[in-house]
**Q** 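One structure coming up, written as structure tokens, with questions to follow.
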Amino acid sequence: MTDEVASLPDDVDAVQQALIEWYEADHREFPWRRTDDAYEILVSEVMSQQTQLGRVVDAWHSFLDRWPTVHDLAAADRADVVGFWTDHSLGYNNRAKYLHEAAGQVVSEYDGEFPETPSELSELMGVGPYTANAVASFAFNDGDAVVDTNVKRVLYRAFDVPDDDGEFERVAADLMPDGESRVWNNAIMELGGVACEKTPACDEADCPWREWCHAYETGDFTAPDVPTQPSFEGSRRQFRGRIVSALKDNEELALDTLGPKVRVDYVPDGEYGREWLAGICSDLADDGLVAFDADAGRVRLRR
DNA sequence: ATCCCGTAGT
DNA sequence: ACTACGGGAT
């Protein structure tokens, strides 16, 4: 026997059963947990990647009202999808573009029927390892163990898994009961979301793993390092967001009309003027989010 | 002011 | 391996 699963308790069956029973006894209700439609689940996962779950619920219903099927989304104008995204404060606009592109892939490459394996799902734009396993699990009960920051935190604390992506992936896979990816991945992320958050709530949430948890035993609830990010206020990101938001009603605007909508201190020939704005519009155009005519100095969302 | 967080591009 | 990417919640 190797030391491959040295991090895990001997009675893995009991660990698995405890978590599943805990999850099934009580958990937060989200509408996407009551569907097995791959398109609806993909939309929820892409939204959830960047936005707190409570805020996703309304946006998810609205999105599916507007584009009920993958065919509807594939046929939509990119500008409308990006406009919806910014209108609902969903964050990174690139993801709206990716989701729209992924819908196009499903229609053109799979005749509108979603592929069911993580490896095929990973080929879709904006779908990486996490989302591929989430969709494969929740739509088809056929995913591998998901490894998101919730799962990393749980494994790091409970079983002393080293802060290393390969280690997390290996232990997460060893821990998942065969053929139960749907309930398992829901359950372990729920554990990270309500019991094993940054500030843990072991007793309050009746954590099912207290008897095995190294952190609960030692009182050391350190979590894996999360990279710090540059401040948002005053950042390029902030102004990109404001530009897309100003264009969301599909207007085409001249730079000098757009400028004051983006920053109050806009002066055409000033430090933050036409040249500065054109630079950001040019980046947005490179990202495929806007159509920018630099000579005419006019910009609008890209169809 | 800080937190949240998976993917793509390089 | 590192960085860009949004904006509400707290």
**Q** Measure from CG on A/N94 to P on B/dG9 and round the result to the nearest Å.
**A** 9 Å
**Q** Which whole-number value in Å describes the distance from A/L289 CG to B/dA8 P?
**A** 15 Å
**Q** Under 4.0 Å, counting only non-hydrogen atoms across every strand here, what does A/P129 touch: a base, just sugar-phosphate, or nothing?
**A** sugar-phosphate
**Q** For A/R95 and B/dT7, what is the distance between atoms CZ and C1' respectively, to the nearest whole Å?
**A** 6 Å
**Q** Base, sugar-phosphate or nothing for A/T51? Non-hydrogen atoms, less than 4.0 Å.
**A** nothing
**Q** Side chain to side chain contact (heavy atoms under 4.5 Å, CB included) between A/R302 and A/L289: does it pass, once the steps are laid out?
**A** CA-CA 6 Å; A/R302 210 194 107 167; A/L289 291 171; over 6 Å; no
**Q** Heavy atoms only: give me the nearest A/R157-A/P200 pair and the separation to one decimal.
**A** NH1-CB, 4.1 Å
**Q** Cluster question for you: counting only ILVMFWY and a side-chain heavy-atom cut-off of under 4.5 Å, with indirect links fine, are A/V154 and A/F221 together?
**A** no
**Q** Is any side-chain N or O of A/S231 closer than 4.0 Å to OP1 or OP2 of B/dT2?
**A** no
**Q** Tell me what A/V127 touches on the nucleic acid: a base, only sugar-phosphate, or nothing, going by heavy atoms under 4.0 Å.
**A** sugar-phosphate
**Q** Between B/dT10 and C/dG6, how far is it from one P atom to the other, in whole Å?
**A** 16 Å
**Q** Going 5' to 3' along DNA chain C, which nucleotides are the first and last within contact of chain A (any atom under 4.0 Å from a heavy atom)?
**A** C/dC5 to C/dA9
**Q** Closest approach of A/W60 and A/P31, non-hydrogen atoms and distance?
**A** CZ3-CB, 3.4 Å
**Q** Just checking A/D148: base, sugar-phosphate only, or nothing, at a heavy-atom cut-off of under 4.0 Å?
**A** sugar-phosphate
**Q** What is the distance, to the nearest angstrom, from the CE atom on A/M189 to the P atom on B/dC5?
**A** 11 Å
**Q** Would you jot down, in residue-number order, the residues of residues 42-49 of chain A having a non-hydrogen atom under 4.0 Å from DNA chain B?
**A** A/Q49
**Q** Yes or no on salt bridge (charged side-chain N to carboxylate O under 4.0 Å, His left out) for A/K261 and A/E251, after CA distance, side-chain angles and deciding distance?
**A** CA-CA 13 Å; A/K261 296 173 182 289; A/E251 289 181 278; 5.2 Å; no
**Q** Determine the contact category for A/F232: base if any of its heavy atoms lies under 4.0 Å from a base atom, sugar-phosphate if only primed atoms, P, OP1 or OP2 are that close, otherwise nothing.
**A** base
